Amino acid sequence: MQSPIQVYLDDLCMRLASTHAGELANYIPELSKADPDWFGISIVTMDGVVYSTGDSEQKFTIQSISKPFVYASALADRGVDFVMGKVGVEPSGDAFNSISLNPKTGAPLNPMINAGAIATASLVQGETTEEQWERIVDSLSTFAGRPLCMDEDVYRSESETGFRNRAIAWMLKNFGIIDGEPMASLENYFRQCSLLVDCRDLAYMAATLANGGVHPITGERALPLEHVERVLSVMATCGMYDFAGSWLYEIGMPAKSGVGGGIIAVLPGRFGIGIFSPRLDSKGNSVRGIKVCQHLSRDFGLHVFSRSGEPGMALGRIYTAAEAPSKRQPSPDMRSYLNEHAHRIKYLCLHGYLAVDGVEYVIRRMIDMAADSSCFILDMHQVDGISESAARLLHDARLQLAGDNIALVFSRIHGRHAIEHPLSTTSPKADHGYLSFEDNDLAVEWCENYLLGDLARATEATVSLGDCVMLLGLPSELMALVANAVVKKRFVQGEAILTTGEAGNGHVFFIEKGYVSILVPLEDGAHQRIASIGPGMSFGEMVLLGQTTRSATVVADCDVNCWVLDAKDIDCLAHEAPMLKIILLENISRDMAGKLLRATQWIAALA
Ligand code: DON
C-alpha cells in the first residue's frame, strides 16, 4: 500500500506541472540554462521519513536559500548581540537585491536580502576567508546531512556578473559592516549561492531546523537550539522578501526561496519541505513552489498558527484482538479460527489533537503492519479533535487499505463534534462511509466477523442440544432426560429475554440458533455489553447457583431459538441422577474460568 501522503504528492506534482507561468532567472547567465519544466517536491518528517515526487533528485544551485543557514552559523559563531550589531531583523518589504540599509548605521535591515547575506558571510568564524568558506560548507553540509559541493560554472557566471552585489559589498565596507576584504567575503557569498542541492537536501535542511537544529537522520546538531527560533523568525518575516506578508498570512510557514528555483518551508516540530521549479515570478520566487506550499498548507493544515498536535504523541498503545477479543463467546470452530488469526486485528489507541503529521505517523505504522493485519480499530477515546485535512488523509488510507482487503474502523468517538464533524464532512462522496462503533467490544466483534468471513455469516448455524457447552460430557441417558425436560422457545430480534433485577424465573436457556447480547446497566442509564453468545452457549444458568434476581439483561441480537430448562426440573432430575447436576456445575465453572481468563486478558490489554 502506498502512503496517502505519497499519493497526494504525486497527484499534486502532476496537477501543477501544467502551470507554465514565470521565467527562468537570467541575470546570472548560467541559471538560464536550466530546464524550465524541472519540478520536484520532497517532505521530511521529524523521524527522517522522506516523501519525494517528480525531479526531486535533480541538482540545482541553492542561491538565497543558503542565507538562513549562513545566518545561523554566524549566530552560533559570533553570538546574537554581535550579529545584531551588524545585521538587523526587520522585514524590508523590498526586493531581494534592494540596498536596504539602516540610514543611521548602514546595517542591512535583515540577513535574507542580499546586503544582509553578504554581511553575514563575512561574520562566520575563520581567520581567513578560506577558513570562513570551510565553515560555511561544513555548516550547510551538516544541515543537509551530506557533503555539499559547488557548481563552478554558476559561481563563475555570478562572480563575473555580480556588479550590484559588488556595489553592495563596498557599501557595507564603507559603513564598517564588513571588517575585512569585502570582495573576498563577497566571493564566499557567491560560492555559498552556488552550492548544489536537490529537493531532498533542501527538505533535510528544513527538517533539521524543524527538529530543533538536529538532523533527523544523522542526529548531528547543526545549530544550538537557542538560535533555531531566531532563524525561523527571520525566515517567517523576511524569507520571501516583498511577498513575506502574504506568504505568512496565507501559507503560514517560515520559508526561504532562491533564484535557482528552490523553496524551503519549515513546520517546527513536524515537517521540512523542499521544492524545486526554476520558473520564477517577478519577486524571484518559484511560481510552482508557491503553489505547492499553498496546497500543502491548506490541504494538510500546516499553518503555524493553526491548532496542531504532538506528532509522536498521536499514537499510543497498539495491541491485538488476541489479547482483547470481543466479549462474544464464539462457537468452538470460530474460537479455534480466532485463536489462530485474531492477532490480525489491531487496536491503535490515538491521543490528543490529530493533525496531518500525527495521522501521517499512524498511517505509516499501519502500512508497516499491513502484511500481518486484516483490521485496524482506531480507538478515539483519548482523542480531543482532528483537523479536516487529517480526517481526509485517514479516509484516503481507509480506502487504500480496503483495496488490500484490510478494514479500518473507528471506535469510542461518542458523538464528539470535534471528531465526528471532520470525519463525516471529509468522507469521500463515492464511498459507503466509515464504520464507527460505540465501544471496542462492538468494534472488535465486527472485525472478528470480518476475519471469520463465512464462518461468522453462519448465523443460521444451529447446534443440537447435546452440543451445548453446558451439557457436554453428559452420558446419553442423562442427555435424554434433559431433552425431555426442555421446551423450545423463539425470541425475535431486539426482544429482551431477561431483564436486570427481575426475579430469577428459574429458567436456563440453551441457544440452538442466533445470538444474544448480555448487557449490564451503567450509571448513566446506558448499557455495557459484557458478552455476546451464540449457538451452543447458554444463559440464565446462575439460577443453578441460587441466584434469585437477574444480574444482567439479555437481548436477542437476531431471531433466536432456545431450549429452555426449568431449574426446578433440573433439581428433580438431579435427584434421580446426581451426576447431572455435577456435570452441569462442572461445565458452568469451566465456562466461568474461561470468562475470567478473557476478562483478565482484556484488563491487561487496556492497562
Ligand atoms: O545574489 C543573488 O542575486 C543570488 N545569488 C541569490 C538571489 C536569490 O536567490 C534571491 N531569491 N529569491
Side-chain angles (χ1 to χ4, degrees), residues 22-34 60-71 87 91-100 108-122 133 136 140 148 150-172 178 182-183 185-197 201-202 205-206 234-235 237-244 246-247 254-265 274-290 293:
E23 304 299 329
L24 294 179
N26 56 15
Y27 73 99
I28 301 171
E30 197 61 24
L31 293 183
S32 61
K33 296 179 181 167
F60 58 97
T61 52
I62 193 172
Q63 295 300 332
S64 285
I65 299 174
S66 62
K67 296 171 177 173
F69 299 101
V70 177
Y71 179 64
V87 182
S92 66
D94 295 330
F96 67 84
N97 56 2
S98 59
I99 302 178
S100 309
L109 290 189
N110 69 68
M112 300 297 116
I113 51 176
N114 287 8
I118 294 166
T120 306
S122 74
W133 171 238
I136 289 172
L140 272 64
L148 298 179
M150 230 176 40
D151 182 321
E152 294 291 343
D153 297 336
V154 171
Y155 163 60
R156 228 186 341 277
S157 175
E158 174 154 25
S159 180
E160 289 162 3
T161 58
F163 310 116
R164 187 178 179 88
N165 284 334
R166 283 189 195 288
I168 292 172
W170 284 119
M171 296 264 295
L172 295 171
I178 292 182
M183 291 306 109
S185 292
L186 183 63
E187 292 307 322
N188 274 352
Y189 168 74
F190 290 150
R191 290 189 186 101
Q192 74 181 49
C193 288
S194 309
L195 285 170
L196 282 167
V197 291
D201 295 326
L202 290 186
M205 295 175 86
V234 172
M235 286 170 68
T237 54
C238 316
M240 302 301 278
Y241 310 118
D242 40 350
F243 182 61
S246 315
W247 174 278
K256 188 73 203 80
S257 64
V259 287
I263 286 184
I264 61 166
I275 305 151
F276 169 50
S277 172
R279 282 200 183 89
L280 309 177
D281 63 16
S282 59
K283 298 180 190 305
N285 300 319
S286 165
V287 174
R288 286 178 184 164
I290 290 176
C293 289

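Counting starts at 1 for both ligands and their atoms, following the listed order. The first residue of the sequence shown is numbered 1, and numbering continues consecutively from there. Since the structure is predicted, the reported quantities are computational estimates derived from the model, not experimental observations.
The nearest heavy-atom contact from the protein to atom 7 (C) of ligand 1 is Ser64 OG, 2.9 Å. Distance from atom 1 (O) of ligand 1 to its nearest protein heavy atom, with residue and atom name: Tyr189 OH, 2.6 Å. With respect to atom 5 (N) of ligand 1, the closest heavy atom belonging to the protein is Gln63 OE1, 2.6 Å.
Contact analysis puts Asn165 in contact with ligand 1, with a non-hydrogen atom separation below 4.0 angstrom.
Taking only nitrogen or oxygen atoms, main chain and side chain alike, Glu158 reaches within less than 3.5 Å of ligand 1. Not a single N or O atom of Ile28, backbone or side chain, sits closer than 3.5 Å to an N or O atom of ligand 1. Not a single N or O atom of Asn285, backbone or side chain, sits closer than 3.5 Å to an N or O atom of ligand 1. Between Lys256 and ligand 1, a contact under 3.5 Å exists for no N or O pair.
Under 4.0 Å from ligand 1, the heavy atoms of Tyr241 that appear belong solely to its side chain. Contacts between Lys283 and ligand 1, counted as non-hydrogen atom pairs separated by less than 4.0 Å, are absent for every part of the residue. With a heavy-atom cut-off of 4.0 Å, Val259 touches ligand 1 through backbone and side chain alike. Residue-level proximity to ligand 1 for Leu280 is absent, since no heavy atom of it falls below 4.0 angstrom. Contacts between Cys193 and ligand 1, counted as non-hydrogen atom pairs separated by less than 4.0 Å, involve the side chain only.
Counting all heavy atoms, side chain and backbone alike, Ile113 lies closest to Lys67 at C-NZ, 3.7 Å. Leu172 and Ala115 get closest at one heavy-atom pair: CD1-O, 3.3 Å. Contact detail for Tyr241 and Ser257: the closest heavy-atom pair is CE1-OG, 3.8 Å. Closest heavy-atom contact between Ile264 and Ala206: CB-CB, 4.2 Å.
Within a 6.0 Å radius of CD in Glu23, no more than 12 heavy atoms belonging to other residues, nucleotides or ligands are found.
Between Tyr155 and Glu187, the side chains place a donor N or O and an acceptor N or O closer than 3.5 Å (distance only, hydrogens not considered). No hydrogens or angles considered: nothing links the side chains of Asn26 and Ser32 as a donor-acceptor pair under 3.5 Å. A side-chain donor-acceptor contact under 3.5 Å links Ser66 and Gln192.
Heavy-atom proximity to Tyr27, at under 4.0 Å, picks out these atoms of ligand 1: 2 (C), 3 (O), 4 (C), 6 (C), 7 (C). For ligand 1, the atoms closer than 4.0 angstrom to any heavy atom of Gly284 are 12 (N). Short contacts between ligand 1 and Asn114, defined as distances under 4.0 Å to a heavy atom of the residue, involve ligand atoms 1 (O), 2 (C), 3 (O).
Ring planes of Phe96 and Tyr27: tilted class, angle from 30 to 60°.
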Quick one: do Arg191 and Glu158 satisfy salt bridge (Lys or Arg N to Asp or Glu O under 4.0 Å)? Show the steps, please. CA-CA 9 Å; Arg191 290 189 186 101; Glu158 174 154 25; over 6 Å; no
